[in-house]
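Below is one structure, written out as structure tokens; comments come after it.
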Amino acid sequence: IESSSKSFQAPLNNTFQQRPRLRSILDTKEGKIIGDPQFLLDFAIIGHGKCGTTSLQLWLSDHPEIMCPKEEILELSMAGDDPAPTFVFRLYKEFLSAEPRYKLGYKNPGEIRIPRSIRLLSKWFPKTILIVEIRHPVFCFESLFNFKVQNLPEYIPSNHWGDPNNLVAACEDPGQFNCVGT
């Protein structure tokens, strides 16, 4: 730093290390992880929905040394025997251009509710920081209700669920995508 009026810039990492080849960490024919994929994931924003996860993701994405895709990465929470190889492949493709100094992460607030996802993160990415956001339940409900109303298909009226005060109960069908309830 030459003077206090000039901004400080960290020097670039001149000891650029080559990232491992995909085939050294993933057997794509067998669909199995055969190496250590830890270098692909420094942090994961995993929960909860309607708690500011998208805001945090976008805020982090603006940092010049952080790579965090703007869309959610859902592969780890997908059905199937072992989604981890598909997840590793997706991360490898997403972060292909990442320099070693970058911090790499993704967002999927649904992962917090899927025990298998947490187990797989623990197994393959033990050094990854898990970011879990929380929010007062009333504000979560309000945000979810407003989100659902604002994103209704045009053919559904905005009063589809009725009075929000009448929704203070469990959803009749928790698997229903358009369910709003406490």
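Quick note: residue numbers are just sequence positions, from 1. Both backbone and side-chain heavy atoms feed into the values below; hydrogens, waters and symmetry mates do not.
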Consider only side-chain heavy atoms of I, L, V, M, F, W and Y, link residues closer than 4.5 Å, and tell whether Met67 and Leu76 are in one cluster.
yes

Report yes or no: does Arg19 contribute a side-chain atom to a donor-acceptor pair with the main-chain N or O of Phe95 at less than 3.5 Å?
yes

Phe43 atom CZ: more than 12 heavy-atom contacts under 6.0 Å:
yes

Can a donor-acceptor pair be found, under 3.5 Å and without considering hydrogens, that links the side chain of Glu75 to the backbone of Ala84?
no

Just verifying a value: how many Å separate Thr54 OG1 and Glu72 CD, rounded to the nearest 0.5 Å?
6.0 Å

If you round to the nearest 0.5 Å, how far is CG of Leu130 from CD1 of Ile118?
6.0 Å

Looking at every heavy atom in both Pro37 and Trp124, which two are closest together, and how far apart are they?
CG-O, 3.8 Å

Exceeds 12 heavy-atom contacts within 6.0 angstrom, atom CD1 of Ile134
no

Tell me whether Trp59 shares a hydrophobic cluster with Ile129, the cluster being built from Ile, Leu, Val, Met, Phe, Trp, Tyr side chains joined at under 4.5 Å.
yes

Do other residues, nucleotides or ligands put more than 12 heavy atoms under 6.0 Å from Lys50 NZ?
yes

Between Gln38 (side chain only) and Lys127 (backbone N and O only), is there a donor and an acceptor less than 3.5 Å apart?
yes

Note: Glu71-Arg90 ion pair, threshold 4.0 Å (strictly below):
yes

Cluster question for you: counting only ILVMFWY and a side-chain heavy-atom cut-off of under 4.5 Å, with indirect links fine, are Leu22 and Ile73 together?
yes

Less than 4.5 Å apart, any side-chain heavy atom of Ile25 and any of Ile34?
no

State, yes or no, whether a side-chain contact exists between Tyr102 and Ile66 at a heavy-atom distance under 4.5 Å.
no

Tell me whether the count of non-hydrogen atoms from other residues, nucleotides or ligands lying under 6.0 Å of CG in Asp81 goes above 12.
no

Distance, nearest 0.5 Å, that separates NZ of Lys103 from CD of Glu65:
9.5 Å

Closer than 3.5 angstrom, by distance alone: can the side chain of Glu142 be matched with the main-chain N or O of Phe145 as a donor-acceptor pair?
no

Transitive ILVMFWY side-chain link Tyr92 to Leu121, under 4.5 Å:
yes

Phe147 reachable from Val138 in the ILVMFWY side-chain graph, under 4.5 Å edges:
no

How long is the straight-line distance from OG1 of Thr28 back to CZ of Phe89, given to the nearest 0.5 Å?
7.5 Å

Say you draw a straight line from OG1 of Thr53 to NZ of Lys107; how long is it, rounded to the nearest 0.5 Å?
4.0 Å

Return the CD to CG distance between Glu111 and Leu120, rounded to the nearest 0.5 Å.
9.0 Å

Test side chain to side chain contact (heavy atoms under 4.5 Å, CB included) applied to Phe139 and Cys51, step by step:
CA-CA 8 Å; Phe139 298 130; Cys51 289; over 6 Å; no

Locate the shortest heavy-atom distance separating Pro109 from Gly49; write the atom from each residue and the value.
CB-N, 3.6 Å

Taking the side chain as every heavy atom from C-beta outward, state whether Glu94 and Pro69 have any atom pair closer than 4.5 Å.
yes

Should we say atom CZ of Arg23 is surrounded by more than 12 heavy atoms from elsewhere, each under 6.0 Å from it?
no

Evaluate side chain to side chain contact (heavy atoms under 4.5 Å, CB included) for Leu26 paired with Lys32, printing each intermediate quantity in order.
CA-CA 6 Å; Leu26 187 63; Lys32 293 183 179 177; over 6 Å; no

If only side-chain N and O atoms count, and only distance matters, is there a donor-acceptor pair under 3.5 Å linking Ser77 with Asn108?
yes

Counting only N and O atoms by type, is there a donor-acceptor contact under 3.5 Å from the side chain of Asp42 to the main-chain atoms of Leu104?
yes

With a cut-off of 6.0 Å (strictly less than), are more than 12 heavy atoms of other residues, nucleotides or ligands near NZ of Lys29?
no

Would you check if Ile45 and Leu56 make a side-chain contact, meaning some heavy-atom pair closer than 4.5 Å?
yes

Does the ring-ring contact (aromatic ring centres under 6.0 Å, His included) test come out yes or no for Tyr106 and Phe87, once each step is laid out?
CA-CA 11 Å; Tyr106 81 103; Phe87 180 68; 5.2 Å; yes

Is there a side chain to side chain contact (heavy atoms under 4.5 Å, CB included) between His63 and Cys68 once you walk through the steps?
CA-CA 10 Å; His63 191 283; Cys68 184; over 6 Å; no

So, Ser61 side chain and Gln57 main chain: donor-acceptor pair closer than 3.5 Å or not?
yes

